[in-house]
Amino acid sequence: MQNNSNQKHVKNHWSLGLLESMNDPSSVYKETDKVVVIKDKYPKAKVHYLVLPRDNINSIYNLDKSHILLLEEFGKVFHDIQEEHSDLELKAGFHSIPSMQRMHMHIISKDMISACLKTKIHWNSFTTSFFLPYKDVLRSLKDNGHVEKISTEKHKTLMSTPLKCNQCEFVPKNMPDLKKHLLSH
DNA sequence: GTTCTAGAAC
DNA sequence: GTTCTAGAAC
């Protein structure tokens with residue numbers, strides 16, 4: 001029998017991982033009628049959650065004005081979680097081009113101190129405009145009725161942005177240097 | 001999204 | 001010689 005070698009079509013493809021986590025009680029942090037909050041499996045900071053809709057919405061580019069109420073619930077969840085972590089400064093937003101299926105909003109602390117933070121792509125996906133703040137996405141939805149995609153060129157440019165500290169003007173020479181520096185804040 | 005690892009960078 | 005980055009993964 002031929003093995004199922006075409007990975008793209010396998011049921012357990014890595015890009016479906018969030019759907020599994022939503023149904024795994026050990027991953028779920030909190031839930032409401034409309035959303036589920038899970039702990040990021042590879043947190044990139046001291047605090048790192050993902051907020052996902054129960055409805056099958058694949059990405060922010062599938063949103064229209066009918067989803068404004070849903071997005072406002074994302075905002076309430078963010079507010080609640082910030083209050084639960086009053087010792088840390090959190091931010092909420094979406095990746096312009098996510099790798100994982102099912103729309104998800106990151107709630108992440110600004111320290112960026114984590115063993116799972118390893119690559120320039122990790123860094124730039126949270127510290128450049130590749131990270132779309134929650135408030136900007138909600139505003140875009142209210143003003144334009146949709147969220148605008150970024151170009152492949154813009155994506156490439158953002159991912160190759162030189163490393164720079166997100167809390168000061170420090171320019172590290174590489175990732176290990178940056179990680180050491182972050183501990184000093 | 002991560003893992004692995006070749007070879008670039010130091 | 002070691003550290004670090006970046007591209008393939010069938």
Side-chain angles (χ1 to χ4, degrees), chain A residues 1-29 35-63 74 81 90-134 137 147 149-166 170-184:
Chain A
M1 191 166 123
Q2 195 176 356
N3 67 2
N4 200 345
S5 60
N6 193 340
Q7 293 293 320
K8 274 190 288 196
H9 299 141
V10 170
K11 245 192 285 182
N12 297 318
H13 187 72
W14 56 263
S15 70
L16 300 171
L18 298 182
L19 300 174
E20 286 178 30
S21 295
M22 281 178 83
N23 294 313
D24 172 11
S26 71
S27 298
V28 173
Y29 176 61
V35 309
V36 178
V37 183
I38 62 174
K39 292 171 276 192
D40 193 290
K41 195 173 175 185
Y42 298 91
K44 304 303 188 295
K46 287 180 180 173
V47 163
H48 190 180
Y49 298 109
L50 301 177
V51 186
L52 305 95
R54 289 190 195 278
D55 286 349
N56 182 17
I57 301 168
N58 195 41
S59 89
I60 52 172
Y61 305 112
N62 297 112
L63 297 174
F74 275 46
I81 292 180
L90 309 185
K91 62 178 188 173
F94 302 82
H95 282 160
S96 295
I97 302 179
S99 299
M100 309 291 275
Q101 294 185 46
R102 181 59 63 93
M103 168 184 159
H104 55 282
M105 181 176 81
H106 294 267
I107 294 179
I108 185 166
S109 57
K110 293 185 179 178
D111 51 85
M112 300 301 280
I113 293 173
S114 166
C116 298
L117 180 77
K118 294 175 177 176
T119 69
K120 187 176 191 174
I121 287 173
H122 289 156
W123 183 256
N124 283 342
S125 67
F126 287 101
T127 60
T128 69
S129 60
F130 183 81
F131 188 84
L132 304 174
Y134 159 74
V137 170
V147 182
K149 280 185 186 168
I150 66 165
S151 68
T152 315
E153 279 311 308
K154 174 92 172 165
H155 179 217
K156 270 194 260 179
T157 303
L158 289 173
M159 283 308 144
S160 57
T161 303
L163 297 174
K164 181 181 173 299
C165 180
N166 63 331
F170 180 70
V171 175
K173 63 175 186 289
N174 54 34
M175 282 302 293
D177 194 23
L178 172 57
K179 287 171 67 70
K180 262 178 250 166
H181 168 78
L182 291 169
L183 297 172
S184 73

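Throughout, protein chains are lettered first and strands after them, A, B, ... in sequence-line order, and every chain is numbered starting at 1.
If you take OH on A:Tyr29 and CD1 on A:Ile107, they are separated by 9.0 Å, rounding to the nearest 0.5 Å. Here the CG atom belonging to A:Leu178 is positioned 9.5 Å from the CG atom belonging to A:Leu183, to the nearest 0.5 angstrom. One distance of note links CG of A:Leu19 with CE of A:Met22; it measures 7.0 Å at 0.5 Å rounding.
When rounded to the nearest whole Å, the span between CH2 of A:Trp14 and C1' of C:dC10 equals 15 Å. Atom pair A:Ile121:CD1 and B:dT3:C1' shows a separation of 14 Å (rounding to whole Å applied). We find that CG of A:Asn124 is positioned 12 Å from P of B:dG1, with the value rounded to whole Å. Here B:dT2 presents its P atom at 7 Å from OH of A:Tyr42, a figure rounded to the nearest Å. Put simply, NZ on A:Lys39 is 20 Å from P on B:dG1, counting in whole angstrom units. Rounding to whole angstrom units, CD of residue A:Glu20 and P of B:dG1 are separated by 17 Å.
When the side-chain nitrogen and oxygen atoms of A:His122 are compared with OP1 and OP2 of B:dG1, none of them lie within a distance under 4.0 Å. Look at A:His104 and you won't find any side-chain N or O under 4.0 angstrom from OP1 or OP2 of B:dG1.
A donor-acceptor pair under 3.5 Å links the side-chain atoms of A:His122 to the main chain of A:Thr119, judged by distance alone. Between the side chain of A:Asp55 and the backbone N or O of A:Ile57, no donor-acceptor pair lies under 3.5 Å.
Between A:Phe126 and A:His95, the ring center distance clears the sub-6.0 Å criterion. The distance between the ring centers of A:Phe94 and A:His104 does not fall below 6.0 angstrom.
Both key distances under 3.5 Å define a Watson-Crick or G-U pair, and stretches of 3 or more such consecutive pairs in DNA chain B run B:2-10 with C:1-9.
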Tabulate protein N/O versus nucleotide N/O from nucleotides 4-9 of chain C, keeping only pairs under 3.5 Å, one per line.
residue : atom : partner  : partner atom : Å
C:dT5   : OP1  : A:Met175 : N            : 3.0

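A:Ser114 and A:Lys44 get closest at one heavy-atom pair: CB-C, 3.5 Å.
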